[in-house]
Amino acid sequence: MTGATYIFFLFGVLLHVFGAALIARYLWDTKLTVLKVANTLAWGATACLIVALGVRWFQWQLLPLTGVTDAVSLLMIFSMGAATTVAWDTDRKAMLCFYLPPLATVGALTLLFSSRGLTSPPRELAGPLLVAHVGMVFLSMALLFVASLTSVAYTFQARRLKLRRTTGLFQKLPSLEELDRSLYQLIRMGYPIYVVTYLVGLFWAFYDNQLLSAAWWFSPKIVISGGILLFYAFSFHARARGLLRGPKLAYSVIFGVGLLLGTYLVLMMLEVVNYNFYGKPA
Amino acid sequence: MTVAVTGISHHTSSLDLRERLAFAEGSIPAALHKLKKRLSDGGVVILSTCNRVEIYTRSDDAPPVVFETVRRFLEEWHGVPEAEFADALYEYADREAVAHVFRVASSLDSLVIGEQQILGQVHDAYLLAHSEAATEKIISALFQRAFKVAKEVRTKSTISQGKVSVASVAVDLAVSIFSDLADKTVMIIGSGETGELALRSLISQGVKQVLLVNRTVEKAQELAAKYHGRAYALDNLHEILPQADIIITSTASPEPILRREDFHRALKHRNQSPMFIIDIAVPRDVDREANQLDNIYLYDIDDLQEVADSNLQARRAEIAQCMEIVDKQVSRFMQWRQQLYAEPTIVSMSQEWHQIRERELQKTLHTLNDLTEKQREEVEYLTKRIVNNILQRPMSQIKQEVVREDPHRVIHLVKRLFGLEESAG
């Protein structure tokens, strides 16, 4: 079973890497067919990752949500879903140039440094509230991650317009207005999910705080997540009111996602046991 | 069977000469009929645009005879002595002619490479010739193939991407900022030919709301009536500035009329919605500093020209790839055309063999009186199948040989081998 999990994860990552390599080819000759093949490969990769998670679930009879490899798989699956929705139309397919290579990089790094996580069983989450919390964390992260990649596309497009470099990929990407709209829609979905996720986490920590230390409300995860939430609250409402738009909004989304993913990864890697959700501190 | 092209273009001649040799639209049908009569079993298409005058012909005459006929025709029709256009004239036959037609239709021979107008012009020229019954099988096939090649070149390369005229570059840039121009407002400040050209292009892309600003309201009203817009005096400019998504300015003001602060204020009023400014005035109407603001995209006439030039350069870089497509299609067309040489001989061969079959079948059926009607039909069907099966291989072989070898020699050999009459084919 572990072997099957590993093979599916490996195939998932490799297909993503092949898809990303085709993006390089697309940037060379801008042939739509190449992009479509890359998209198909990325979907094949996503299917492999879903199967890998399914096998782990079947093998251990536990939801695979807690390890780095499982987390990355979920993030990649949700991100691919969000990315495909944005780049669904033919005239938006070039957006994949900004989505597929980062996803492939995340997958490849996980394969290189954390693939051992595939051999160990996932740790049990204490109650359905936590399962919902962790699942929603990855969904909101994926939406905000894709929003940040859309922001990169926006800044690329805006910068090229300012510099009068309007050939090549520039001609294949959607208009600034469309990119801004996609970016806003992704935040509009990602931000409320993140808020709900945070509230669910707080609710669980408040009622089940015997699993955490007495000062649970002062834990880095909760404090930093609260800070990020405030940051997104500002970005979201400023955009909704038309105060923050264009390159500034794009930069703030990139910064926010960097902070979110960075915090999550650092805390996860440091295994800050006092603040985890699995059960009693080790 | 000669396919030929005779013509002059922007590559070889001055506009003055092209004007003298151009065919007025109404005169083309008469010209087609006159030239067709002079060609042996021929077909003619005449393409006359501001950048080229070309006559495409298909005839049983040899290339030098066709070229001579067309030269005489041009001389007589336009009353221009041959000596005056002989140096500018190019003449292509067979493979070169086919390649030229494909290049022209694909806009690889155009003044502005990749422009799409030429395909429409070639299409119209062919349709006119076809409706006047001036075309025949090969010339029709040539043009149908040329349209397919043009489509393939357009879809498999980026030769038509990126506009190359200042007005169309402006529209392209507007489309890369705004997703839908239909709900956008265009403001024209001042009056000028390029500005109006850009406005017309924007209107053709769906822009409905136009604000016209001029130093004198009367002039603005005049333009507003023309473009169904609203007229304002220049004094109201700052007040209405936030309404505009796209601004085209071309006043004769010696000082900038719009500064960074004006756009800063306008953006606040517009909730930071982007603004695209095309400043085609010399000296410039908009302070360059404005471009430093987020969501402001300011292009002056030099910037637009720079974009147009880089688009043209990008198109030129695609030519080699497009020529590969053209070469491949030329080879296919030539192969198809070569195979046509064999068609009459193959038909004649098939007729000859079936005549033998029929003769021998009748002799045999006379001796077999006991056969029922159904049995007779079956025997006849059997003989047909045998003959068709025997013929299948030589027929396909002949088609291949006429492509590989000298078709006249191959046909001659086949005729001798099967005892066919020399007139066949």
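Residue numbers start from 1 in every chain, and the chains themselves are labelled A, B, ... in the order their sequence lines are given, proteins ahead of strands. Computed over heavy atoms, backbone and side chain alike; hydrogens, waters and symmetry mates excluded.
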J.: Would you confirm whether A:T155, through its side chain, and A:V152, through its main-chain N or O, come within 3.5 Å as a donor-acceptor pair?
T.: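 Between the backbone of A:V152 and the side chain of A:T155 there is a qualifying donor-acceptor contact (under 3.5 Å).
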
J.: Is there a donor-acceptor contact under 3.5 Å from the side chain of A:S175 to the main chain of B:S179?
T.: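 Indeed, once roles are kept as given, a pair shorter than 3.5 Å links the two residues.
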
J.: Tell me, side chain or backbone of B:Q321 under 4.5 Å from chain A's heavy atoms, or both, or neither?
T.: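 Only the side chain of B:Q321 comes within 4.5 Å of chain A.
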
J.: Return yes if some donor-acceptor pair links the side-chain N/O of B:T251 with the main-chain N/O of B:S253 below 3.5 Å, else return no.
T.: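 Indeed, once roles are kept as given, a pair shorter than 3.5 Å links the two residues.
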
J.: Can you tell which part of A:L243 gets under 4.5 Å to a heavy atom of chain B, answering side chain, backbone, both or neither?
T.: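 A:L243 touches chain B through backbone heavy atoms alone.
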
J.: Please determine, among B:L267, B:L304, B:N311, B:V169, the option with the most heavy-atom pairs under 4.5 Å with chain A.
T.: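 The residue among B:L267, B:L304, B:N311, B:V169 with the greatest pair count is B:N311.
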
J.: Considering only heavy atoms, which portion of A:K162 lies under 4.5 Å from any heavy atom of chain B: side chain, backbone, both, or neither?
T.: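 When you check distances to chain B, atoms from both the backbone and side chain of A:K162 fall under 4.5 Å.
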
J.: Is A:R160 reaching over with its side chain to a backbone N or O of A:R165, donor-acceptor style, under 3.5 angstrom?
T.: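 Pair found, side chain donor or acceptor close to backbone of A:R165.
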
J.: Considering only heavy atoms, which portion of B:D180 lies under 4.5 Å from any heavy atom of chain A: side chain, backbone, both, or neither?
T.: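 The backbone, not the side chain.
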
J.: Any idea which heavy atoms bring B:T249 and B:V286 closest together, and the distance?
T.: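 The answer is CG2-CG2, 3.8 Å.
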
J.: Considering only heavy atoms and a distance below 4.5 Å, find which of B:D294, B:I177, B:T155 pairs most often with chain A.
T.: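 Winner by heavy-atom pair count: B:I177.
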
J.: Tabulate below the donor-acceptor pairs under 3.5 Å that side-chain atoms of residues 104-111 of chain A make, not counting sequence neighbours, or state none.
T.:
residue	atom	partner	partner atom	Å
A:T105	OG1	A:P101	O	2.7
A:T110	OG1	A:V106	O	2.7

J.: Between B:S273 and chain A, which part of the residue has a heavy atom less than 4.5 Å away: side chain, backbone, both or neither?
T.: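 Both parts, backbone and side chain.
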
